[in-house]
Amino acid sequence: MSAIWIVLIILEGAFAVGAATFVFLTAPKRVDKKQYAWLTQADFAHRGLYTADQKIPENSMAAFSRTIQEGYGMELDVELTSDDVLVVFH
């Protein structure tokens, strides 16, 4: 058997191992629904509890305050800028 065939067989084996590892790591796992039940027991306000007429704009302190006052959970995106300022975006 020539050296090129040996290299191809080794590469094929390495690819197969890599593909199997990828599938194993990304395949859906069984989820214990009880562990995440808290996510369905409350309403969440995406970007705060804002109004359609934008009197209370989304991602504003007023929207976040209203979310807390109304007892909602809240989802928002934050990031630290290169000059160390925390911003809400999305």
Next on the checklist: Membership question, hydrophobic clusters at under 4.5 Å side-chain separation (ILVMFWY): are Leu86 and Leu76 in the same one?
Outcome noted: yes
Next on the checklist: If you count heavy atoms of other groups shown closer than 6.0 angstrom to CE of Met61, is the number above 12?
Outcome noted: no
Checklist entry - Rounded to the nearest 0.5 Å, how far does CE of Met74 lie from OG of Ser65? => result 8.0 Å
Checklist outcome for this item: Correct closest heavy-atom pair for Arg47 and Ala63 would be O-CB, 4.1 Å
Item to check | Gln54 atom CD, neighbour heavy-atom count above 12 within 6.0 Å | outcome: yes
Item to check | ILVMFWY clustering at 4.5 Å (side-chain atoms), partners of Phe15 | outcome: none
Next on the checklist: Let me confirm one number: the OG1-CZ distance from Thr67 to Phe44, rounded to the nearest 0.5 Å.
Outcome noted: 11.5 Å
Item to check | Worked verdict on Arg66 versus Thr51 for side chain to side chain contact (heavy atoms under 4.5 Å, CB included) | outcome: CA-CA 10 Å; Arg66 185 171 175 226; Thr51 59; 3.4 Å; yes
Next on the checklist: According to a hydrophobic-cluster definition based on side-chain heavy atoms being under 4.5 Å apart (Ile, Leu, Val, Met, Phe, Trp, Tyr only), do Val78 and Ile68 belong together?
Outcome noted: yes
Next on the checklist: Consider side chain to side chain contact (heavy atoms under 4.5 Å, CB included). Of Asn59, Leu49, Ile56, which one does Phe64 pass it with?
Outcome noted: Asn59
Checklist entry - Can you name the nearest heavy-atom pair linking Asp53 to Lys55, along with the distance? => result OD1-N, 2.9 Å
Checklist entry - When clusters are formed from ILVMFWY side-chain contacts under 4.5 Å, directly or step by step, what else is grouped with Val87? => result Val85
